[in-house]
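Input: a single structure, listed below in structure tokens.
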Amino acid sequence: MSGVPVPLVAAEVAEKVQQRARAEETFRRVMGSFPTGVTVVTAPAEDGPRGMTCSSLTSVCLRPPTLAVCLRTASSTLGAALRQGGFAVNLLHGGAERVARAFSTDVPDRFALVGWRMSEKGLPLLTDDVCAYAQCEVSRTLEAGDHTMVLGTVIDAGVVPGTPLVYAHRSFRPWDALPRTPERPEGGR
């Protein structure tokens, strides 16, 4: 016996659990303060397409054009992307909050709720709710905690008129501060 009273050990464990919970909540608030675009990452599977909402997207390099997404390691979307060797990133437009919410929950047949098509590359693309898309081949993965970062080499991409959907402070909203450009003639509206 170590001589340390058992209640003290239990109290220390409880304090560490509370500290971890506070640190996780602080981390959520910090990351929630960073506005980010909202995407749905999709991948083909033998029994139908898979997809999940993802706000962890970044460009990696231009040569070759590469991006990174972070997906839950246990997700069927990640499994499908790795089995098939490819995935699509569908950047949602400002009016697509319902799509973001549908693909962030366990709705049984999410694809029945949205317009989509199988691309020539064999990847499921959303058709009605996007302002841009990228089709990718998996080039590398890196596990980190309960997520896996997937690097994808972009093999096809496109932009359609529309204002992006952003997520910040635990809420969705269209980014209405965009200037008019040839790709976005409507500007921020």
Side-chain angles (χ1 to χ4, degrees), residues 24 27-28 31-32 34-160 162 164-167 170 172 183:
E24 288 175 1
F27 183 69
R28 279 189 191 96
M31 295 312 298
F34 182 67
T36 183
V38 182
T39 73
V40 171
V41 175
T42 57
E46 289 181 16
D47 58 346
R50 300 288 186 264
M52 65 183 287
T53 300
C54 176
S55 59
S56 297
L57 164 70
T58 190
S59 61
V60 175
C61 61
L62 189 57
R63 293 189 191 112
T66 304
L67 56 77
V69 294
C70 295
L71 305 174
R72 283 187 328 277
T73 301
S75 74
S76 62
T77 303
L78 175 63
L82 296 180
R83 277 189 300 281
Q84 299 297 326
F87 62 95
V89 179
N90 300 271
L91 288 79
L92 299 182
H93 68 56
E97 178 178 344
R98 70 171 180 76
V99 175
R101 290 192 183 282
F103 279 85
S104 67
T105 62
D106 288 330
V107 172
D109 190 6
R110 301 168 190 172
F111 285 87
L113 304 174
V114 298
W116 71 280
R117 67 177 175 84
M118 197 62 79
S119 76
E120 302 77 33
K121 309 281 186 206
L123 299 172
L125 293 177
L126 303 186
T127 56
D128 301 331
D129 300 293
V130 299
C131 59
Y133 69 89
Q135 297 184 80
C136 303
E137 291 178 345
V138 174
S139 60
R140 286 193 179 168
T141 62
L142 172 68
E143 286 191 38
D146 61 355
H147 278 64
T148 298
M149 177 185 289
V150 182
L151 296 180
T153 303
V154 178
I155 55 174
D156 183 51
V159 177
V160 296
L165 182 66
V166 295
Y167 186 78
R170 297 186 182 185
F172 295 99
E183 292 84 21

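Keep in mind that this is a model prediction, so the values were computed, not measured.
- Side chains of V38 and T53 form a contact here, defined as non-hydrogen atoms less than 4.5 Å apart.
- Separation of atoms OG1 (T127) and CZ (R117) is listed at 8.0 Å; rounding is to 0.5 Å.
- A 4.5 Å side-chain heavy-atom check between T42 and F111 finds at least one atom pair inside the cut-off.
- The distance from the CG atom of L142 to the OG1 atom of T148 is 8.0 Å, given to the nearest 0.5 Å.
- Here the CG-CG distance, from L123 to D156, works out to 9.5 Å after rounding to the nearest 0.5 Å.
- Inter-residue side-chain proximity for C70 and C54 is flagged as unmet; no heavy-atom pair is nearer than 4.5 Å.
- For T153 (side chain) and S139 (main-chain N/O), no donor-acceptor pair under 3.5 Å exists by modelled atom type.
- Between S75 and L78, the closest heavy-atom pair is OG-N, 3.1 Å.
- The minimum heavy-atom distance linking G162 with C131 is given by the pair O-CB, 3.7 Å.
- Counting only distance, with no hydrogens or angles, the side chain of R98 and the backbone of L113 share a donor-acceptor pair below 3.5 Å.
- No more than 12 heavy atoms of other residues, nucleotides or ligands sit less than 6.0 Å from atom CD of E46.
- When side chains are defined from C-beta on, V154 counts as touching L67, because their heavy atoms get closer than 4.5 Å.
- Residues A100 and F172 approach most closely at CB-CE2, 3.6 Å, considering heavy atoms.
- A43 and A81 make their closest contact through CB-N, 3.6 Å (heavy atoms, listed as atom of the first residue, atom of the second, distance).
- The side-chain contact (heavy atoms from CB on, under 4.5 Å) test with N90 singles out one residue from L125, D129, T39, and that residue is L125.
- Side-chain contact check for L126 versus Y133: every heavy-atom pair is 4.5 Å or farther apart.
- With contacts defined as side-chain heavy-atom distances shorter than 4.5 Å, the pair D47/R50 qualifies.
- In this structure a side-chain-to-backbone donor-acceptor pair under 3.5 Å is present from R110 to T105.
- A 4.5 Å side-chain heavy-atom check between D128 and V114 finds every atom pair outside the cut-off.
- Nearest approach of P44 to Q84, heavy atoms of both residues: O-CG, 3.1 Å.
- S104 contributes atom OG, which lies 9.5 Å from atom CD of E97 (distance to the nearest 0.5 angstrom).
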* Asked: Going through the checks in order, is the side chain to side chain contact (heavy atoms under 4.5 Å, CB included) test met by V69 and L57?
  -> CA-CA 5 Å; V69 294; L57 164 70; 3.8 Å; yes
